[in-house]
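Chain letters run A, B, ... following the sequence lines, proteins first and then strands; every chain starts at 1.
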Amino acid sequence: MLKEDIRTELLEIFQELLDHFGPRHWWPGETALEVIVGAILTQNVAWNNVEKAINNLKEEGLLSISGLIKTRVEKLGNLIRPARYYNQKAARLKAFAELVNIKYEGDLEKLLSLSTPELRMELLALKGIGPETADSILLYAANRPVFVVDAYTKRIFQRLGYLEADVGYSVVQDFFTSNLPCETYLFNEYHALIVALGNRICLARRPLCQKCPLLHRCKTSSLEKENSETALGTTMGCT
DNA sequence: CTCCCGCGTC
DNA sequence: GACGCAGGAG
């Protein structure tokens, strides 16, 4: 497929998703720190649960660098229990706060003012912050034009026919960044729309293809027409 | 029962 | 590539 065709199609897909779902107004978080805490807590967990955990931190007045620093990891884990893997994530929150405290005088803005490559490396150096979490922070807390890749992104664009199975994070990211204008607004809204499609319609096991605004361009659904009872049907098919 | 806006470790 | 982590909503 020609590069220009891919670019056109990616923008068409964006527009169709935007028309269908409307602007997502991401990230749901009032401050940069709240976005960062949410990005760490939402790893492999439904956002609904993350909200509960963040609200617990807010009620205790601990949603701050100093609050995270002074709170023992056991208490922190107890507060963020709804976000699952709470012992690991409590340690991750503290590790992040300690980085800001030690290297940036407790001033989050100093960390966030690093260049995009420097900030990404600084985040990835922390235990518990991998590529998706780092890029979510870069895009939604620091407003950098970085395309965020998640499980939904891979699944949707594999089904649409643009990606091979089992592609790595950077391969998927390069696909988008090399075929889209490098604009923070576009990357912000695009990822948010992908998440909306991924968790409401393009489900892993039983995708709701009849409701999908991208059905007319989906390779998987047009090839798959048997019922979803078979093993193959449940993993790949659209009913 | 399934599914969640993953990461570290081996 | 597999596994541990280890809650809550539908």
- Note on the structure: Here the residues of residues 125-149 of chain A within 4.0 Å heavy-atom distance, strictly under, of DNA chain B are Leu126(A), Lys127(A), Gly128(A), Ile129(A), Gly130(A), Pro131(A), Glu132(A), Thr133(A)

- Taking only residues two or more places apart in sequence or in another chain, which ones pass side-chain hydrogen bond (donor to acceptor under 3.5 Å, both in side chains) with Ser170(A)? none

- Message: I'd like to check the side-chain hydrogen bond (donor to acceptor under 3.5 Å, both in side chains) partners of Gln43(A); sequence neighbours left out, ordered by chain and number.
- Response: Arg92(A), Thr133(A)

- In whole angstroms, how far is the C1' atom of dC4(B) from the CZ atom of Arg200(A)? 14 Å

- Item | Distance in angstrom units between Tyr169(A) OH and dC7(B) P, rounded | 8 Å

- Query: Could you run down nucleotides 4-10 of chain C 5' to 3' and tag each one B, S or - for protein heavy-atom contact under 4.0 Å?
  - Reply: BBBBSS-

- Message: Say we look at dA6(C) and dT9(B): how far apart would their P atoms be, to the nearest angstrom?
- Response: 15 Å

- Select base, sugar-phosphate, or nothing to describe what Arg24(A) touches, counting heavy atoms under 4.0 Å on all strands. nothing

- Atom CG of Asp5(A) with >12 non-hydrogen neighbours under 6.0 angstrom: yes

- Query: So which pairs with a foot in residues 71-87 of chain A pass salt bridge (charged side-chain N to carboxylate O under 4.0 Å, His left out), sequence neighbours left out?
  - Reply: Glu60(A)-Lys75(A), Arg72(A)-Glu74(A)

- Note on the structure: ring-ring contact (aromatic ring centres under 6.0 Å, His included) with Phe176(A): of Phe14(A), Phe157(A), Tyr162(A), Tyr169(A), only one passes, and it is Phe157(A)

- Pairs touching residues 19-32 of chain A that satisfy side chain to side chain donor-acceptor pair (under 3.5 Å), sequence neighbours left out: Gln15(A)-Asp19(A)

- Any side-chain donor near an acceptor of the partner, Glu9(A) and Asn179(A), under 3.5 Å: no

- Is any side-chain heavy atom of Arg200(A) closer than 4.5 Å to a side-chain heavy atom of Phe21(A)? yes

